[in-house]
Amino acid sequence: HPRRSAEDLLAFVLKKKRIELYFDYDIPIEDHEMVFFRSLLKRRGLSEPFEYITEEIQFFDCSLGITKDVLIPRQETEILLSKAMVAIVKEGGQNKILWDLCTGSGCLGIGAKKKCPDLEVTLSDLSIEALACAQKNIEKNHLEIQVIQGDLFAPFHGKKAHFILCNPPYISEEEYVTLDDSVKRFEPKNALISGPSGYEFYSRLANDLPSHLYPGGKVFLEIGSGQGKMI
């Protein structure tokens with residue numbers, strides 16, 4: 001919806017809520033604000049996602065900074081976390097360890113820690129750039145969370161967790177070609193493509209999870225459409 005995008009961007013430029021544009025419809029706009037607004041409109045017109053333009057998103061009661069080194073957290077990921085937290089809160093966070101693998105912006109682990117402060121949370125990712133974004137988001141939300149770099153379970157050698165969250169790459173190379181331009185042109189490819197089948201990360205998880213989970217441990221994964229039965 002072009003009109004909605006334009007309103008959202010104007011609200012961002014004027015540091016207002018979108019609804020306030022309707023209440024204050026006759027407020028003057030400074031020249032520098034108009035120049036900035038037009039530059040953002042141009043980027044949006046070229047299909048750049050709104051979140052990369054504003055460099056921020058609200059996710060699970062957290063304010064997160066977003067860079068082009070990380071995927072934009074989707075509503076489905078927020079639903080995954082809300083369902084996971086029902087089970088996690090029920091068990092209590094005291095002395096419980098939670099890992100967020102393939103963390104990207106840190107949205108899952110940060111959201112979990114904010115909801116359940118007693119959890120001992122660690123974020124990991126292969127991408128150093130993604131972890132830099134996640135670290136800033138930890139500080140932005142005033143949380144104590146560990147960040148470690150490495151490929152899936154490599155940085156957790158000999159360690160175990162009670163809860164593991166993971167939103168891995170799960171798109172096949174064939175599917176990637178069919179994705180919307182706004183995704184293909186702007187979002188990090190290595191955070192999307194799993195490999196030829198789309199199941200590569202789940203195969204690795206299936207192999208390595210048992211040795212990294214405490215008895216009764218729980219795993220919460222985001223999966224692709226139609227992948228449920230196989231996974």
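This chain uses plain numbering: 1 for the first residue, then up along the sequence.
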Could you go through the side chain to side chain contact (heavy atoms under 4.5 Å, CB included) check for Glu20 and Lys17 one step at a time?
CA-CA 5 Å; Glu20 291 175 332; Lys17 292 178 179 172; 3.9 Å; yes
Polar contact flag, side-chain donor to acceptor under 3.5 angstrom, [X]-[Y]:
X	Y	answer
Ser127	Asp125	no
Thr54	Glu51	no
Thr178	Glu175	no
Glu200	Tyr170	no

Heavy-atom donor-acceptor pair, [X] side chain to [Y] backbone, under 3.5 Å:
X	Y	result
Glu78	Gln75	no
Asn137	Ser105	yes
Arg44	Leu9	no
Glu56	Leu64	no
Asn167	Glu222	no
Glu91	Ile88	no
Asp100	Gly109	yes
Glu187	Ile72	yes

Hey, could you give me the [atom1]/[atom2] distance between [X] and [Y], rounded to the nearest 0.5 Å?
X	Y	atom1	atom2	value
Ile110	Thr103	CD1	OG1	6.5 Å
Ile66	Phe50	CD1	CZ	12.5 Å
Lys42	Leu46	NZ	CG	7.0 Å
Ile27	Ile29	CD1	CD1	6.0 Å
Ser82	Leu80	OG	CG	8.0 Å
Ile128	Gln135	CD1	CD	13.5 Å

[Y] side chain reached by [X] side chain, heavy atoms, under 4.5 Å:
X	Y	value
Cys166	Cys102	yes
Phe163	Val219	no
Leu71	Leu192	yes
Lys16	Asp24	yes
Leu123	Trp99	no
Tyr176	Lys184	yes
Pro188	Asp69	no
Leu119	Cys116	yes

Enclosure of [X] [atom1] (heavy-atom neighbours >12, cutoff 6.0 Å):
X	atom1	answer
Asp181	CG	yes
His32	NE2	yes
Glu120	CD	no
Lys96	NZ	yes
Arg38	CZ	no
Asp31	CG	no

Using the rule that Ile, Leu, Val, Met, Phe, Trp and Tyr join whenever any side-chain heavy atoms are under 4.5 Å apart, tell me whether [X] and [Y] fall into a single cluster.
X	Y	answer
Ile79	Met85	no
Phe220	Ile97	no
Leu126	Phe201	no
Leu81	Ile223	no
Val121	Ile148	no

Answer yes when Glu55 and Lys136 have at least one side-chain N-carboxylate O distance shorter than 4.0 Å, and no when they do not.
no
Closer than 4.0 angstrom, basic N to acidic O: yes or no for Asp8 and Arg3?
no
N/O donor-acceptor pairs under 3.5 Å from side chains in residues 205-214, not counting sequence neighbours:
{"from": "Ser211", "atom 1": "OG", "to": "Asp208", "atom 2": "O", "distance (Å)": "3.1"}
{"from": "His212", "atom 1": "ND1", "to": "Phe156", "atom 2": "O", "distance (Å)": "3.4"}
{"from": "His212", "atom 1": "ND1", "to": "Lys159", "atom 2": "O", "distance (Å)": "2.8"}

If I compare all heavy atoms of [X] with all of [Y], which pair ends up nearest, and what's the gap?
X	Y	result
Glu144	Lys113	O-CE, 3.4 Å
Ser194	Pro169	CB-O, 3.3 Å
Ala11	Leu21	N-CD1, 4.1 Å
Arg204	Asp151	NH2-OD2, 3.0 Å
Pro73	Phe59	CB-CD1, 3.6 Å
Gly226	Tyr199	O-OH, 4.1 Å

Which is it for Cys107 and Phe60 under the side chain to side chain contact (heavy atoms under 4.5 Å, CB included) test, yes or no, and what are the steps along the way?
CA-CA 8 Å; Cys107 61; Phe60 210 74; over 6 Å; no
Yes or no on side chain to side chain contact (heavy atoms under 4.5 Å, CB included) for Leu98 and Thr122, after CA distance, side-chain angles and deciding distance?
CA-CA 6 Å; Leu98 180 146; Thr122 301; over 6 Å; no
Check against side chain to side chain contact (heavy atoms under 4.5 Å, CB included), Ser124 and Gln149:
CA-CA 5 Å; Ser124 74; Gln149 191 264 340; over 6 Å; no
Residues passing the side-chain hydrogen bond (donor to acceptor under 3.5 Å, both in side chains) test with Ser203, sequence neighbours excluded, are none
